[in-house]
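Contents: one structure, followed by commentary.
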Amino acid sequence: GRTSWITLSNPGPVDATVDLTLWGANGPIDAPGSTGIIVAPGLQRVIALDGLAVDELSPVVQVTSRTGSVDARLQTSTVRGLEPGGLSIVAPIVAPALSLVIPAVPIVDPEAVQQRASVDGGDLFPTLRLLAPEADADITVRVVPTTGGDGAAGGDGSAPPVVTTSLTAGTVQDLPFAELPEGDWAFIVEANEPVVAAVRVSTVDRDPDALPGPVGGFAPSIDQQWVVPSPVLSTGTRTLGSVGALAGTTARLHLAAPEGAAQVDLDGRVIDVPAGGAVSVAVAGSTPLGITVDGAPVAASVSYRGDAAIATTRILAPRAAQQPLTVLVD
């Protein structure tokens, strides 16, 4: 019931030639048909991963365009028996890095998730997926509870976990965080060799009026989301984000400062982000976000949550303006 696709969209005027490189829990995957994929101008190709990595539970995919340019996304969906079990569209990481910041992973009703996982399996638990593609790496993961000017806080006041592990080059490792209390948690990953990372998180719609049954008081509604790192916004950066419409959901802006203390001007409202800490604040739907960073670098994202619905988007740095091209004619 778990299905994943890579979508390759070519916005350019020429054919794009794309190679896919895959890794799994047992190392690099030899996948015939994963190279030399042609994507015509203005069109999209959809590649099913189950045809390239059969029965792989922890795939990581690198997309390389040899000619032309493509936009790549990973789409995942889950069906548990006859019941939809979640849909996620995963944005790519530009490149492996020594430091990665996920500004917030929303943990919603972990007790309900625990109970449902006892029936449907452990892939509902919060899980950090890691890969060091080129060389063995030593990893430190700091999981930081968020606080906010509106009183929102992550966790139950206990000490946030710090996890250390070692990665074998080319082998994907999944780290479960099944015991995280309810709240918003920032994940800060630091390594001595470049790595990639993402966190899978789930939410369950608990129906208090449901009759006891095989899933014990739950309405048939589950969602999952893969939360990926956000790019770090350096001091002086002025960027724009947006919040979608919030029919039946709420939204929060998340800010994490992995190195030092920072101040963020959010449309005239100044938010202090402590060194090595994270902040979450509620934001209104269907609104733009103007963000200016002062002090240490900050990573930012927006999360959405509703009844058995969860989603996240990143706040991206503004693209550098294209420099003028001067042509000298002799």
Side-chain angles (χ1 to χ4, degrees), residues 1-2 4 57-60 73-80 83-93 100-131 141-146 152-156 160-161 163 172-189 196-206 218 221-230 244 249-256 278 280 299-315:
R2 282 71 168 171
S4 299
L57 298 180
S58 304
V60 173
R73 294 289 187 274
L74 176 66
Q75 299 185 23
T76 70
S77 68
T78 301
V79 177
R80 303 172 189 276
E83 177 188 348
L87 173 69
S88 182
I89 299 177
V90 189
I93 301 172
L100 298 168
V101 182
I102 300 175
V105 174
I107 304 297
V108 181
D109 198 350
E111 180 183 352
V113 173
Q114 291 266 3
Q115 292 183 37
R116 188 60 190 258
S118 67
V119 177
D120 284 338
D123 70 338
L124 288 172
F125 292 132
T127 299
L128 173 66
R129 181 163 296 173
L130 295 161
L131 169 70
V141 182
R142 288 186 288 136
V143 185
V144 181
T146 67
D156 57 3
V163 177
V172 179
Q173 185 174 143
D174 286 350
L175 297 179
F177 286 82
E179 303 302 322
L180 274 183
E182 183 160 1
D184 296 331
W185 297 84
F187 279 63
I188 301 173
V189 179
V196 296
V199 176
R200 181 188 65 223
V201 66
S202 306
T203 183
V204 173
D205 185 13
R206 187 203 298 259
F218 290 93
S221 191
I222 304 173
D223 197 15
Q224 284 189 325
Q225 174 72 17
W226 279 99
V227 190
V228 299
S230 294
T249 64
T250 60
R252 301 186 67 79
L253 171 68
H254 309 284
L255 304 166
S280 293
S301 66
V302 176
S303 69
Y304 304 85
R305 66 203 72 186
D307 293 335
I310 191 168
T312 61
T313 60
R314 301 174 297 172
I315 302 294

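Everything numeric here is computed off the predicted structure, so don't read it as measured data. In what follows, every heavy atom counts, from backbone to side chain, and hydrogens, waters and symmetry copies are set aside.
- Summarising the geometry, atom CD1 belonging to Ile102 is positioned 8.0 Å from atom OG belonging to Ser230; distances are rounded to the nearest 0.5 Å.
- Here OG1 of Thr203 is found 11.5 Å from CD of Gln225. Values are rounded to the nearest 0.5 Å.
- Exactly one of Ile310, Asp223, Thr127, Leu124 qualifies for a side-chain contact (heavy atoms from CB on, under 4.5 Å) with Ser202. That residue is Leu124.
- Taken to the nearest 0.5 Å, the OG1 atom of Thr76 stands 7.0 Å off from the CD atom of Gln224.
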>> side chain to side chain contact (heavy atoms under 4.5 Å, CB included), that's the test. Do Val90 and Val228 meet it? Break it down for me.
In response: CA-CA 7 Å; Val90 189; Val228 299; 3.6 Å; yes
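- Phe187 is listed as a side-chain neighbour of Phe177, based on a closest heavy-atom distance under 4.5 Å.
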> So Arg116 and Glu83, salt bridge (charged side-chain N to carboxylate O under 4.0 Å, His left out) or not? Walk me through it.
Replying inline: CA-CA 13 Å; Arg116 188 60 190 258; Glu83 177 188 348; 2.7 Å; yes
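- Residues Val172 and Pro59 form no side-chain contact, since every pair of their non-hydrogen atoms from C-beta on lies 4.5 Å or further apart.
- When side chains are defined from C-beta on, Val163 does not count as touching Val143, because their heavy atoms never get closer than 4.5 Å.
- Across Arg314 and Ala91, no two heavy atoms sit closer than the pair NH2-CB, 3.4 Å.
- Closest non-hydrogen pair, Asp205 versus Ala308, comes out as CB-CB, 3.3 Å.
- Taking 4.5 Å as the limit, some side-chain heavy atom of Pro92 sits within range of a side-chain heavy atom of Arg73.
- Using a 4.5 Å heavy-atom threshold, the side chains of Leu130 and Leu175 count as touching.
- Pairing each heavy atom of Ala117 with each of Phe125, the nearest pair is CB-CZ, 3.6 Å.
- Under a 3.5 Å cut-off, the side chain of Gln114 and the backbone N or O of Ala178 do form a donor-acceptor pair.
- In this structure, a donor-acceptor pair under 3.5 Å is absent between the side chains of Arg252 and Thr250.
- From Leu100, atom CG reaches atom CD1 of Ile93 across 6.0 Å, with rounding to the nearest 0.5 Å.
- In this structure, CZ in Arg2 is found 4.0 Å from CG in Asp123, a value given to the nearest 0.5 Å.
- Distance check: Leu255 CG to Ile315 CD1 gives 8.5 Å after rounding to the nearest 0.5 Å.
- Residue Ala197 comes nearest to Val189 through the heavy atom pair CB-CG2, 4.5 Å, listed as atom of the first residue, atom of the second, then distance.
- Across Ser280 and His254, no two heavy atoms sit closer than the pair OG-ND1, 2.6 Å.
- Between Pro103 and Ala278, the closest heavy-atom pair is O-CB, 4.3 Å.
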